Amino acid sequence: MAIETDALIVGAGPCGLFQVFELGLLDIKAHVVDSMPAIGGQCAELYPDKPIYDIPAYPVIGARELVDRLLEQIEPFHAQFHLGQEVQELAPLDGDRFRAVTAAGTEFHARSVIIAAGVGSFQPRRMRLTGSEPLEGSHVHYKVRDQADFAGQRLIVLGGGDSALDWALALHDKAASLTLIHRRAEYRAQPASVVRMHGLCEAGKMRSFQGQLVGLIAEQGRLTGVRMQDLKGDHHELPADQLLVFWGLSPKLGPIAKWGLNLEKNQIPVSTETFETSTPGIYAVGDINVYPGKKKLILSGFHEAALAAFAIRHRLYPQEKIRLQYTTTSTVMHQRLGLKE
């Protein structure tokens, strides 16, 4: 039987979790679906320990901790999660409702749908070198789950963006040796990170090369080194136990592209008043949406979730006047948050 719900949130990343909170404050219960097997979305899956510096009131917070804090915050609202399930079908149903069906066969009839799916399904850009695939997970990695796994290892980091620089800086004093390889001399990372990286190289605490990998060296299923070609065309062999590859992510919109929504370069245009899409009753918050002046920041997604929640409340109860109530003083809000007066 189909699950009936006032709100179905597609995506369990930070914006999807905060959407649960904002809906809960307005007394709207939600179900949350995510294709990932765990709560946190790409934020927790791809860079769980990466520090985030622009969350209000937190000078620095790790992605995993941010997700944990959000889960703690939404606990009073008892959201139901359906993980490891991709929503494959979404279509209007009679009576201003929507029918959503996941790959696992779970069916929802929702009065509103909020898409908080990042930019669809992110996949890291993988290596295509001969012999790399059997080493994935043991010696070739596309994310860091635990920094301790790389302690005392001869580590090579590939890439020139923020992820590559951030992890090179974080791991250089834990690894036996660390070499950063980027295909060109210019880096896409934050200038302060690039300056710090060059300083560590000058101090002999890590190395950097410009060029590209041309081969892997392995013995009995273990990585022992890499072959690279520098910008002059010269070849080098570098010892290595572990390889971290940060060549960026390839977003795949997936089934969302078939839901009949207006799209703009694989993003969903929305109204900045309600964050409603071209289909009334379907909303989009976070990196999946686009509008003039859009900034892909977590805090922007939080703002979008708040306004979307008020729009959804009005859709569900159009005759009701919605008063803005403050969590600091409203007894109604305190009750919904489970606070004792």
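By convention here, the first residue in the shown sequence is residue 1. Heavy atoms only: backbone and side chains are in, while hydrogens, waters and symmetry mates are out. These figures come from a predicted structure and were not determined experimentally.
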Suppose we screen for side chain to side chain contact (heavy atoms under 4.5 Å, CB included). Which residues come up paired with Glu264, at least two apart in sequence or across chains? Pro269, Val290
Side chain to side chain contact (heavy atoms under 4.5 Å, CB included) partners for Val60, two or more places apart: Pro51, Tyr53
Any link between [X] and [Y] through a network of hydrophobic side chains (Ile, Leu, Val, Met, Phe, Trp, Tyr) touching at under 4.5 Å?
X      : Y      : value
Leu180 : Val195 : no
Leu339 : Ile74  : yes
Leu231 : Tyr187 : no
Leu324 : Val332 : no
Val285 : Leu299 : no

Is there any side chain to side chain donor-acceptor pair (under 3.5 Å) pair reaching into residues 301-317, and which pairs are they, with sequence neighbours excluded? Asn289-Glu304, Tyr291-Glu304, Lys294-Glu304, Arg313-Glu320
Donor-acceptor pair, [X] side chain versus [Y] backbone, under 3.5 Å?
X      : Y      : result
His334 : Thr327 : yes
Asp241 : Arg154 : yes
Asp287 : Gly118 : no
Gln212 : Arg183 : no
Thr224 : Ile217 : yes
His182 : Glu186 : yes
Lys174 : Ala170 : yes
Ser330 : Met333 : yes
Lys143 : His141 : no
Ser112 : Asp6   : yes

Phe18/Phe302 aromatic ring centres below 6.0 Å: yes
Side-chain contact test, heavy atoms from C-beta onward, threshold under 4.5 Å: evaluate it for [X] versus [Y] and give yes or no.
X      : Y      : value
Leu83  : Val33  : no
Ile282 : Ile115 : yes
Leu238 : Phe209 : yes
Gln88  : Thr102 : no
Asp34  : Phe81  : no
Phe77  : Leu25  : yes
Leu155 : Ser177 : no
Leu213 : Met127 : yes

Nearest-0.5 Å distance that lies between atom CD1 in Ile3 and atom CG in Leu8: 9.0 Å
How many angstroms lie between atom CG of Asn262 and atom OG of Ser278, to the nearest 0.5 angstrom? 3.5 Å
Pair [X], [Y]: side-chain N/O donor-acceptor within cut-off below 3.5 Å:
X      : Y      : value
His236 : Asp230 : yes
Glu65  : Tyr58  : no
Thr106 : Gln85  : yes

Can you establish whether the number of heavy atoms outside [X] located under 6.0 Å from its atom [atom1] is more than 12?
X      : atom1 : result
Lys29  : NZ    : yes
Arg69  : CZ    : no
Glu136 : CD    : yes
Asp96  : CG    : no

Could Glu4 and Arg97 be called an ion pair, given the rule that one side-chain N must be under 4.0 Å from one carboxylate O? yes
Would you call Lys258-Glu89 a salt bridge at under 4.0 Å N-O? no
Please, which pairs that meet ring-ring contact (aromatic ring centres under 6.0 Å, His included) have at least one residue in residues 82-105, sequence neighbours excluded? His31-His82, His82-Phe108
Apart from Val101 itself, members of its ILVMFWY cluster (side-chain separation under 4.5 Å) are none
Co-members of the apolar cluster containing Val214 [side chain, <4.5 Å]: none
Kindly determine whether Glu86 and Ser35 satisfy side-chain hydrogen bond (donor to acceptor under 3.5 Å, both in side chains), including the steps that lead there. CA-CA 4 Å; Glu86 183 178 66; Ser35 60; 5.1 Å; no
So Gln19 and Tyr283, side-chain hydrogen bond (donor to acceptor under 3.5 Å, both in side chains) or not? Walk me through it. CA-CA 11 Å; Gln19 186 70 74; Tyr283 305 78; over 6 Å; no
